[in-house]
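In what follows, a structure is listed as structure tokens, so that the remarks can point back to it.
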Amino acid sequence: MPTRPGAPAAGAYLEGLNPEQRDAVVSVEGPLLVLAGAGTGKTRVLTCRLAHILNNGMAYPSQILSVTFTNKAAREMRHRVSELLGQTTEGLPWLGTFHSIAAKILRIHAELVGLKSNFTILDTDDQIRLLKQIIKAENIDDKKWTARYMASLIDAWKNKGLTPGKCDPSEKYKFAEGKGLIIYKTYQDRLKVLNAADFGDLLLHNLTIFQNNPDVLARYHAKFRYILVDEYQDTNVCQYLWLRLLAQGSNNVCVVGDDDQSIYGWRGAEVDNILRFESDFPGAKVIRLERNYRSTEHILAAASGLISSNKDRLGKTLWTEDDGGHKVSVTGVWDAPAEARIISTDIENWYSKGRKYSDVAILVRASRQMRSFEERFIQIGLPYKVIGGPRFFERQEIRDAHAYMRLLVNDTDDLAFERVVNTPKRGIGATSIQKLQRAARSMGVSLETATRELTKTDEIRGKARSSLRAFCLDLDRWRAMQGTMRHTNLAEQILDESGYTQMWRDNKDAKSAGRLENLKELIQAMNEFDTLPAYLEHISLVMDVDKSNGVEEDQVSLMTLHSAKGLEFPLVFLPGWEEGMFPSQKSMDESGMAGLEEERRLAYVGITRAREQAKIYFAANRQVYGSWQSSLPSRFIDELPPAHVEAASESGLHDSGAVAERVASSFARSFEENKSGPVSPGWQRFQQNKTKSFGRAPKDIEGHAVRRPAKGKSSNYNKGDRVFHQKFGYGLVTETDGTKLTVAFEKAGEKKVLDGFVERA
DNA sequence: TTTATACTGATTTTT
DNA sequence: TCAGTATAAA
């Protein structure tokens, strides 16, 4: 039995765990489902469990399979386990993301699915390029059946664990003029020829290998004594099948997750996997972690109340010893700029009380909502950072640079060849490329080889021919230099000699300087690897870059609700809670009730990010794709338990109606604000705060109810009343529903508005 | 082959 | 609104 020198006394990591957590840590034999609600110490349990197994010598590090979804989670787990055990987790070779572990297994058995062990992993960009070619070749209307759409179809098939041979043949009539399956098949064939796999293939090929080769599967059965899975509610069918096959060995499979936080259905996650766990793994033990260590009672109660509207749940009751605290607040505002103004003022308040900007997060449903916040923050100089969004390795210049390196390492990487052969512009156009492709196909060789052959003939003439020749000579030269110099230097040289850096230097676009910076950063990143191939393998699976280099800056975080999962902040702002926006109309149109429930889980995730305070906002008007739309408060607001919610205006506090109605009165202040001059109150306030010492800021500086609006209650308007609206002008009331009016505006057409926003005309 | 202009159509995101 | 792409002209 392996005992680690320097490890803490056996069981020390069990200290400070509550009974359920401890149970989850020590119940290592047999299938176990740990239902871990938000903030119940899920990661702690996972890492302690790992430590427990290792420390008691129940398995060697190499006998434990632990899977996560993101590299971040994997890193975190590795880090925390090594902290628990003291310095000794160089091992744990099978701790990683689904994809990285699947890739590792696939490299060992690649030939069983017709690949070589050095296959390349395609990113989405390559995938789309490849599909474009195939769609064009099949003569399908590429406007109706875009490469992007076909890619999502193929992805969906792969997520379900379906190879082309296993797809329901009747489905093929639905897609791409009956050629959907043909495209999938052709695409897979092309990948095989290219010796490449896309992300979906990594898992799917594993599945094929395990299913067709019982001896291989048996090896892994013998190998993995314990299996741990994080975020089980996010697994798709393919991942589920993969896990089930592997778990047949030891049967010691522990999955941790929270059905209430399943928010990735749109990319193939099946909540059903977690709902069905007990029947899938007979004899499974279920442990609920319900004690929450994060949020106050009000926040927890509000979130629990909301999520209880969902039907398909395993059900948990979160509780906390941290009673009281602030109620969840709901505020109505005029429009997005007002929302940003009010929230930024609130953040300044927070800061002026001696709290930090980094305590604060703003969580939006869609990234386009971030705009008004960014504009506002820049205007008043409030420090913020956007989390998520376009990633470093997905930027054009980085992908181009990678393509050069990929081609260098592997002369059969046709996709890389296509990408860089005319980048920068070398006068090699679509027609030349087409000739090359035809030749390559007929000769059964790579594009580069075909190019070398074809430039010997008169098939391609003039500038294209000389450029292609020069390009091949460049490649030869660079390849010869490999091994004589460090790969980072070589990369720099390639980027220079190819004219790639010059291309951006000549480009006058404002972003060009940043691109050159990024290329420098890329060289930095490469420096952490010893060889070019090692670097390339790493980045194909790890698309994120650990940005935690340097000092922690005090900044407000701005991100989508999706990227907030797993994080927590003392103060959380949740703007944009309007019907259509959140819950998203598109989600409901596409997936109906299931879509709505997922949106509700998203709301649940949002609220439970907050430790001390959660503040919800809804705007009465929102600009959608350029035109103004009136909007109604989200149904989620009405679903919040009133006892734990306060309307953020004095006048509405003691009303007994629905939350949305109680908030109606707070419209007034944003209404007034909307008319205030170019120098906003928030700005003035910011100036004051910068110079003065921070006292309690007068509450009405934000333009608090100078004038009282038409009050909440039931509607004061009747059918046929003529009304005036700030944005839509004059109109006639055609219907009333409580405080919601349907008004036929003379210019803007029929709209639904809350009566607080109109006045009698 | 490259560049300028018209058009379209639009969540959420990891690997 | 606005970005990303398809088409036309140079």
Side-chain angles (χ1 to χ4, degrees), chain A residues 67-74 96-103 121-128 132 142-144 146-149 152 155 158-159 197-204 230-231 234-236 238-239 262-269 336 363-372 375 387-391 393-394 396 422 424-433 462-464 467 511 537-544 559-566 576 580-591 595 598-599 601-603 605-606 622-629:
Chain A
V67 251
T68 63
F69 272 86
T70 65
N71 291 297
K72 195 178 159 206
T97 63
F98 274 101
H99 293 271
S100 68
I101 287 169
I121 299 169
L122 295 194
D123 62 21
T124 21
D125 223 52
D126 296 322
Q127 228 179 322
I128 302 284
K132 267 193 185 140
D142 61 352
K143 279 186 193 110
K144 192 166 178 213
T146 60
R148 207 165 284 279
Y149 181 71
S152 68
D155 233 39
K158 290 184 176 176
N159 285 158
D198 65 20
F199 285 123
D201 280 338
L202 297 176
L203 265 299
L204 192 58
D230 191 15
E231 305 278 18
D234 288 338
T235 50
N236 59 37
C238 188
Q239 287 156 339
S262 165
I263 55 176
Y264 286 112
W266 49 274
R267 64 178 198 208
L363 311 181
V364 297
R365 174 68 246 264
S367 46
R368 83 176 106 91
Q369 291 171 262
M370 292 183 185
R371 207 176 137 181
S372 55
E375 282 172 354
I387 312 264
R391 266 175 298 282
F393 289 116
E394 280 168 12
Q396 188 192 342
N422 198 33
K425 302 259 156 42
R426 297 188 175 95
I428 301 157
T431 33
S432 306
I433 304 232
K463 183 142 188 261
S467 295
K511 286 177 190 156
E537 166 72 8
H538 178 79
I539 53 113
S540 60
L541 285 169
V542 182
M543 292 296 275
D544 69 340
M559 68 188 100
T560 63
L561 286 158
H562 283 93
S563 35
K565 194 169 79 158
M581 176 91 239
F582 188 40
S584 133
Q585 191 58 51
K586 189 157 185 171
S587 201
M588 293 187 291
D589 290 347
E590 277 171 10
S591 320
E598 182 154 314
E599 293 287 305
R601 291 194 290 269
L602 204 47
V605 167
R622 198 167 283 274
Q623 224 174 357
V624 185
Y625 306 137
S627 64
W628 284 96
Q629 309 265 191

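Only this structure's heavy atoms are used, side chains among them; waters, hydrogens and symmetry mates stay out. Chain naming here is simple, since letters A, B, ... match the order of the sequence lines and numbering starts at 1 in each.
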Base, sugar-phosphate or nothing for [X]? Non-hydrogen atoms, less than 4.0 Å.
X	answer
A:Glu231	nothing
A:Asn422	sugar-phosphate
A:Ser627	nothing
A:Ile263	nothing
A:Ala103	nothing
A:Ser584	base
A:Arg371	sugar-phosphate
A:Glu599	base
A:Phe69	sugar-phosphate
A:Lys425	sugar-phosphate

| Nearest-nucleotide comparison on DNA chain B, the residue closer to the 5′ end among A:Tyr625 and A:Ser432 | A:Ser432
| Toward the 5' end of DNA chain B, by each residue's nearest nucleotide, A:Gln585 or A:Asp155 | A:Gln585
| message | Given B:dT15, B:dT13, B:dT11, identify the nucleotide with an atom nearest to the side chain of A:Leu541. | response | B:dT15
| field | Lys/Arg cation over aromatic A:Tyr264: A:Arg267, 6.0 Å, 45° cone | value | yes
Rounded distance in Å - [atom1] ([X]) to [atom2] ([N]):
X	N	atom1	atom2	value
A:Met370	C:dC2	CE	C1'	17 Å
A:Asp123	B:dT13	CG	C1'	14 Å
A:Gln629	C:dT1	CD	P	14 Å

Check whether any side-chain N or O of [X] sits under 4.0 Å from OP1 or OP2 of [N], and answer yes or no.
X	N	result
A:Ser587	B:dT12	no
A:Asn71	B:dT15	yes
A:Arg368	B:dA10	no
A:Thr97	B:dT14	no

| field | Straight-line distance of A:Ser152 OG to A:Gln127 CD, nearest 0.5 Å | value | 10.0 Å
| request: With the side chain counted from C-beta on, respond yes when A:Met370 and A:Thr560 share a heavy-atom pair under 4.5 Å apart, and no when they do not. | output: yes
